[in-house]
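Reviewing the structure listed below.
Here is how names work: the chains are called A, B, and so on, in the same order as the sequence lines, proteins then strands, and each is numbered from 1. The structure displayed is predicted, hence computed values, not measured ones.
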Protein chains: 2
Amino acid sequence: MVGESSRIASQDGLRADARRNRGRILVAARAVFAEHGIDAPMATVARRAGVGVATLYRRFPTRDALVRAAFAQQMETCARALTEALDDPDPWRGFQRLIETACELQREERGFPAAFVAAFPDSTVDHARARQRAERDLMTLVRRAQAAGALRADFHPSDIAVALLSHCALVTALPHDRAASRRLVAYLLQSFRAEAAHGALPPPSALSLRSLPLAADGSQGAQPSNTAQRT
Amino acid sequence: MVGESSRIASQDGLRADARRNRGRILVAARAVFAEHGIDAPMATVARRAGVGVATLYRRFPTRDALVRAAFAQQMETCARALTEALDDPDPWRGFQRLIETACELQREERGFPAAFVAAFPDSTVDHARARQRAERDLMTLVRRAQAAGALRADFHPSDIAVALLSHCALVTALPHDRAASRRLVAYLLQSFRAEAAHGALPPPSALSLRSLPLAADGSQGAQPSNTAQRT
DNA sequence: GGTCAAACGGACGATGTCGTCCGGTTCGCA
DNA sequence: TGCGAACCGGACGACATCGTCCGTTTGACC
């Protein structure tokens, strides 16, 4: 098919041992990040995976690449939730479930919140297309729920980011306190409902939804984009 | 009075140059922490203050001591806000202002949020008395606002911590986005109002309010408690 | 089974931060 | 003015992490 050198049959172009090690590294990374935070030494991840540091760096040149790959599955769950939310015939329920799913993921998958915020700001050029679509979907979701009279009219799409980021940080500060997380989500959702709109709100943030890690594109879990560089 | 060697007249027992340098260090620390985060190198703070590292370490043996001292003023503002909230004849307004003041402080004083959460978990034994009083005051504040029918009945004191911590994290993630911060506060306050109570809430967190850095005790800004140790 | 590229992993130099030590300086008091 | 204690600050060794280099091993294909 694609005119590669084609000595290797496996789909991802990795040798069997390499692929096996890659998997081990991702498992180890999730465990280590959950336990010691996202800034844990790379060597710790390598040791836990039973590989050398060089193997780790070869597969994931930067910590960022490792983090993204380690939590690609969770990111994708977020993205799928967005699709499902749009498919829900009840606009409010779709909206509500999106928020709840994203927050539940942040709550249950330790280490993921850090990845979530880490992926947040520096995603301006990265896989722009998928993010643009996610942004559009979010706005559609919001408008539909507003048109149905369930979501308050002065809700601004950027409020989604406000909600997700603040919740994110709460679970980071209190990783074991699920009750606190659930409470915050419940409070936020209640105040997002149309009938909760009593006073006026201050102006919305200029935050772009495009930067929210809700975009489903396969590239995240794939090979490290060797162009990715942290400064 | 206290039978000191008494060669030094100044109240804090520091020589004039030492006191001057201490002030410089605090100013520099606030600036550096705001700019580079709370984990900025101690040497950076020292350089900015125009003193040697040794001077910095002599005055503040641990980073923690420096952080506490640097933001003691902000902590005290928080604590004063609590007192004022209790003095307000309108229970709801008192409650509202407390939340708003604390959040405004977090929003405007860059670096303070990090100090706020840093002070949060490891304050179990530290100046326990003041914290106990703060806890009692908070509960009084909540009960009064509930009795007045302004604060929803299912509001739990620990929700204050939920609100402050999540807001704290939001401004940490988006230090420049004041609109996002104000929005979150407005949403939270609206959902705390009695008339916003529509559905049932999940059970409250077991979080102790005692650990919230809202306690005003002079010890924070004073000499570093040499017993304080990080592990 | 043989060949070779790909993958492996430990060692290593570079870098940055920490916290202390000590010789020189300055302040406060007589 | 003189003295001594307190203070100052740069230098320094210890330590952790980073990311690369390179000799060795392993898997895929013939």
Quiz item: Relative to the 5' end of DNA chain C, which residue comes earlier, B:Arg20 or B:Asp39, by the nucleotide with the nearest heavy atom?
Solution: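 Here B:Asp39 is the residue nearer the 5' end.
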
Quiz item: Which comes earlier along DNA chain C counting from the 5' end, the contact point of B:Asp17 or that of B:Met42, where each point is its nearest nucleotide?
Solution: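 So the residue in question is B:Met42.
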
With respect to the side chain of [X], which nucleotide from [options] is positioned closest?
X       : options               : value
B:Tyr57 : C:dT20, D:dT20, C:dC8 : C:dT20
B:Ala54 : C:dG9, C:dC21, D:dC7  : C:dC21
B:Pro41 : C:dC18, C:dA7, C:dC27 : C:dC18
A:Thr55 : C:dA7, C:dG9, D:dC7   : C:dG9

Quiz prompt | Main-chain N/O of B:Leu66 paired with B:Arg59 side-chain donor or acceptor, under 3.5 Å | solution =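 Such a contact is absent between B:Arg59 side chain and B:Leu66 backbone.
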
Self-check item: A:Glu100, CD atom: more than 12 neighbouring heavy atoms under 6.0 Å
Solution: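 Yes, enclosed.
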
Quiz item: Considering only heavy atoms from C-beta outward, does the side chain of A:Arg97 approach that of A:Glu104 to under 4.5 Å?
Solution: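 They are not in side-chain contact.
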
Quiz item: Hey, does A:Val53 reach any base, or is it just sugar-phosphate, or nothing, if we go heavy atoms under 4.0 Å?
Solution: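 Counting heavy atoms under 4.0 Å across all strands, the contact made by A:Val53 includes a base.
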
Practice problem: Select base, sugar-phosphate, or nothing to describe what A:Ala18 touches, counting heavy atoms under 4.0 Å on all strands. | Solution: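 Answer is sugar-phosphate: A:Ala18 comes under 4.0 Å of backbone atoms only.
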
Practice problem: Respond yes when some side-chain nitrogen or oxygen of A:Arg15 is under 4.0 Å from OP1 or OP2 of C:dA5, and no when none is. | Solution: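 For C:dA5, OP1/OP2 do not have a side-chain N/O of A:Arg15 under 4.0 Å.
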
Practice problem: For A:Ser205 and B:Asp177, test the side chains for any donor-to-acceptor distance below 3.5 angstrom and give the result as yes or no. | Solution: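 Present: a donor and an acceptor within the cut-off.
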
